[in-house]
There are 2 protein chains.
Amino acid sequence: MTPVTHSIPANVTSLSEHRLLHEAVIDRLRDLIVTGELAPEAKLNERVLAERLGTSRTPLREAIKFLASEGLVELVPNRGAVVAPLKPEKMREVFVVLGALEALAGEQACRNASEADIADIRALHYHMLAHHARGELAQYFRYNQLIHQRILDCARNVTLSQTWSALNAHVRRARYMANLSRERWDQAVKEHEEMLDALSRRDGAKLQALLRDHLANKLVLVMEALGGGVAAEGAR
Amino acid sequence: MTPVTHSIPANVTSLSEHRLLHEAVIDRLRDLIVTGELAPEAKLNERVLAERLGTSRTPLREAIKFLASEGLVELVPNRGAVVAPLKPEKMREVFVVLGALEALAGEQACRNASEADIADIRALHYHMLAHHARGELAQYFRYNQLIHQRILDCARNVTLSQTWSALNAHVRRARYMANLSRERWDQAVKEHEEMLDALSRRDGAKLQALLRDHLANKLVLVMEALGGGVAAEGAR
DNA sequence: CAATCAATTTTTGTATGCAAAATTTAATAT
DNA sequence: ATATTAAATTTTGCATACAAAAATTGATTG
């Protein structure tokens with residue numbers, strides 16, 4: 001697998017893969033927010049941002065409205081938009097909902113995944129293990145996300161996948177501030193082993209429980225990073 | 001925070017309660033879609049719609065993008081937007097996800113609801129019973145929605161409430177075509193009795209199960225109305 | 001009559017213009 | 001110097017303008 005550079009060109013964006021400008025702007029702007037290049041609570045100056053993305057204010061404003069519905073930006077009347085704050089309480093909420101969604105996905109995936117699907121996920125899992133062994137955090141995260149994504153796909157529920165993706169953007173955003181201790185990291189990998197095992201045995205109840213716990217543990221990490229402390233109630 | 005919580009749609013949206021035009025247009029347009037005044041797969045002609053809503057194309061297009069993120073409209077490149085089709089498979093997907101969300105909400109509500117909250121919900125329940133007894137379907141449905149909304153509120157998770165609201169719009173849309181048999185209706189009321197009972201006893205596991213079943217039964221109704229037949233797998 | 005295709009009209013996608021609101025700056029008074 | 005407030009600037013929100021892409025119309029041909 002070829003190494004992926006995470007440096008993103010500031011000005012030039014490949015708009016070519018999108019037929020429509022505002023769709024490209026949605027993806028580009030979401031990326032800026034998720035990677036933290038646009039920090040939480042940063043003001044979105046329309047003139048400046050439009051220039052940076054090489055477009056006019058109109059498609060940018062449309063993209064902002066779209067992302068507002070996703071919850072990544074907040075609209076302030078007569079004051080434009082800001083990147084949604086990254087509050088511990090909000091994170092707790094998102095993780096609780098994601099836990100329920102992934103649990104559902106895991107259960108459904110055990111019913112609906114083909115053997116080829118499971119084989120694919122296993123392959124991704126081994127890639128992830130390799131990057132874990134080498135301590136390559138960025139690549140580890142990449143495969144981690146791909147695995148979760150593939151499990152969602154196997155649930156065969158587009159609505160579930162879309163809902164998950166929108167909320168997962170918040171988690172991806174937090175990832176850029178969470179610095180994983182080796183201990184925690186090893187634990188997460190171990191959980192993934194169990195998840196793959198449960199999926200292979202098509203043990204829906206087990207996978208469901210594992211995913212819920214996995215998410216709860218991820219939440220603990222994020223809360224530590226955000227310095228919010230883990231609000232005990234409801235997190236499990 | 002984006003105001004996703006929309007109270008029961010009034011006939012006429014008072015633009016005065018919104019500071020900004022495009023927010024009013026979002027609510028008004030969502031209302032048109034949910035009530036079926038704009039039918040599924042109807043083309044959204046920007047010029048015509050803007051005139052109908054008394055605005056220009058710019059705020060309308062921003063509203064369309066927002067609702068596209070909610071899934072109520074679909075964007076077709078270079079061909080504008082259409083009201084999202086009301087496909088049986090999509091409905092099945094939405095109900096499965098809503099089932100998981102409401103189950104989660106029920107569990108959390110049993111933990112977090114105050115006694116006053118429960119008393120409020122009981123009051124709504126009796127209103128609903130009264131309308132059921134009188135055969136007032138529209139009012140029944142109104143209180144039904146309010147009860148579900150209040151349960152979601154009691155989960156004390158704004159993200160959960162917002163996610164639920166967005167998906168629930170699809171269900172509200174389907175309601176306008178589902179004609180409830182007296183038998184089914186009585187059954188639904190009975191289920192609500194049990195739900196209220198479980199909430200009062202703060203039996204989270206029970207309420208969770210009841211809500212999931214309740215949603216599954218609602219799905220059957222909608223599927224009959226849509227003539228799609230119930231896809232057995234995954235619905236339970 | 002059906003089919004094809006060019007001309008016309010309509011519609012979308014994006015850019016720009018303009019007024020109102022918010023922000024910043026500057027000036028004055030305390 | 002700090003606080004206050006009035007003027008200047010910037011920014012937002014909405015309307016309009018314009019080019020490119022679709023849809024429609026209508027003529028022409030087989």
Side-chain angles (χ1 to χ4, degrees), chain A residues 11-30 32-33 38-70 72-85, chain B residues 1-4 13-33 38-69 72-85:
Chain A
N11 289 326
V12 182
T13 322
S14 75
L15 304 180
S16 52
E17 56 181 82
H18 290 279
R19 296 247 277 121
L20 259 31
L21 188 50
H22 67 252
E23 291 182 3
V25 173
I26 288 171
D27 288 347
R28 183 87 179 87
L29 183 54
R30 183 177 16 234
L32 287 175
I33 293 171
L38 285 172
E41 305 184 65
K43 190 162 165 24
L44 300 182
N45 183 306
E46 296 178 2
R47 190 180 46 78
V48 172
L49 249 185
E51 184 155 356
R52 178 169 180 186
L53 299 181
T55 179
S56 75
R57 286 174 56 215
T58 305
L60 173 63
R61 281 178 60 91
E62 293 178 358
I64 287 173
K65 296 300 179 297
F66 194 98
L67 294 179
S69 180
E70 280 188 16
L72 283 181
V73 312
E74 290 184 3
L75 305 175
V76 188
N78 289 316
R79 241 172 271 187
V82 297
V83 178
Chain B
M1 189 65 67
T2 49
V4 169
T13 38
S14 59
L15 302 185
S16 52
E17 64 180 72
H18 291 278
R19 297 252 279 115
L20 295 178
L21 187 50
H22 68 254
E23 293 183 0
V25 174
I26 288 171
D27 288 347
R28 184 88 180 88
L29 185 52
R30 178 169 32 225
D31 198 49
L32 288 175
I33 294 171
L38 285 172
E41 304 184 68
K43 190 160 164 24
L44 299 181
N45 184 305
E46 295 178 3
R47 189 178 47 78
V48 172
L49 249 186
E51 183 154 356
R52 179 170 177 183
L53 299 181
T55 179
S56 75
R57 286 176 56 216
T58 306
L60 173 62
R61 281 179 61 91
E62 292 178 359
I64 287 173
K65 296 299 178 297
F66 194 97
L67 294 179
S69 181
L72 284 181
V73 312
E74 289 183 3
L75 304 175
V76 187
N78 287 318
R79 240 172 270 188
V82 297
V83 178

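Below, read A as the first sequence line, B as the second, and so on, with proteins coming before strands; counting in each chain starts at 1.
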request  = State whether the distance check finds a donor on one side and an acceptor on the other, under 3.5 Å, for side chain B/Thr58 versus base D/dT16.
outcome  = yes

remark   = Whole-Å distance, A/Glu23 CD to C/dT12 P, equals 15 Å

key: Nearest-Å distance for atom pair NZ/P, residues A/Lys65 and D/dC14   = 8 Å

ask   = Reckon B/His22 has a side-chain N or O less than 4.0 Å from the OP1 or OP2 of D/dC14?
value = yes

message = Once you apply a heavy-atom cut-off of 4.0 Å, does A/Leu44 come out as touching a base, just sugar-phosphate, or nothing?
response = sugar-phosphate

task = State, with a plain yes or no, whether a side-chain heavy atom of A/Leu32 is found less than 4.5 Å away from one of A/Leu53.
result = yes

request  = Figure out the CG/P separation between A/Leu75 and D/dG13, and round it to whole Å.
outcome  = 8 Å

inquiry  = Tell me the interatomic distance from A/Glu62, atom CD, to D/dC14, atom C1', rounded to whole angstroms.
reply    = 13 Å

query = To the nearest angstrom, how far is A/Arg57 atom CZ from D/dT12 atom C1'?
reply = 6 Å

query = Is B/Asn78 near enough to C/dT11 that one of its side-chain N or O atoms lies under 4.0 angstrom from OP1 or OP2?
reply = no

request  = Quick one: label A/Val76 by what it contacts on the DNA or RNA (base, sugar-phosphate, nothing), any heavy atom closer than 4.0 Å.
outcome  = sugar-phosphate

inquiry  = Distance check needed: C/dT23 C1' versus A/Glu46 CD, whole Å only.
reply    = 15 Å

message = For B/Arg30 and B/Leu72: C-alpha separation, side-chain torsions, deciding distance, then whether side-chain contact (heavy atoms from CB on, under 4.5 Å) applies.
response = CA-CA 8 Å; B/Arg30 178 169 32 225; B/Leu72 284 181; 3.6 Å; yes

request  = For D/dC14, take OP1 and OP2 only and decide whether either is under 4.0 Å from a side-chain N or O of B/Thr55.
outcome  = no

message = Could you tell me if the side chain of A/Val82 sits less than 4.5 Å from the side chain of A/Leu75, heavy atoms only?
response = no

query = Counting just side-chain N and O atoms, does A/Arg61 come under 4.0 Å of either OP1 or OP2 of D/dG13?
reply = yes

ask   = Considering all heavy atoms of both residues, which atom of B/Pro40 and which atom of B/Val83 are nearest to each other, and what is their separation?
value = CA-CG1, 3.8 Å

query = So what does A/Arg47 hit on the nucleic acid, given a heavy-atom distance under 4.0 Å: a base, only sugar-phosphate, or nothing?
reply = sugar-phosphate

task = Give a yes or no on whether the backbone of B/Arg79 and the side-chain of B/Lys43 come within a donor-acceptor separation of less than 3.5 Å.
result = yes

query = Below 4.0 angstrom from OP1 or OP2 of C/dT11, is there any side-chain N or O of B/Lys43?
reply = no

query = Within the pair B/Arg79 and D/dA23, is there a side-chain N or O less than 4.0 Å away from OP1 or OP2?
reply = yes

query = To the nearest Å, how far apart are B/Asn45 CG and C/dG13 C1'?
reply = 14 Å

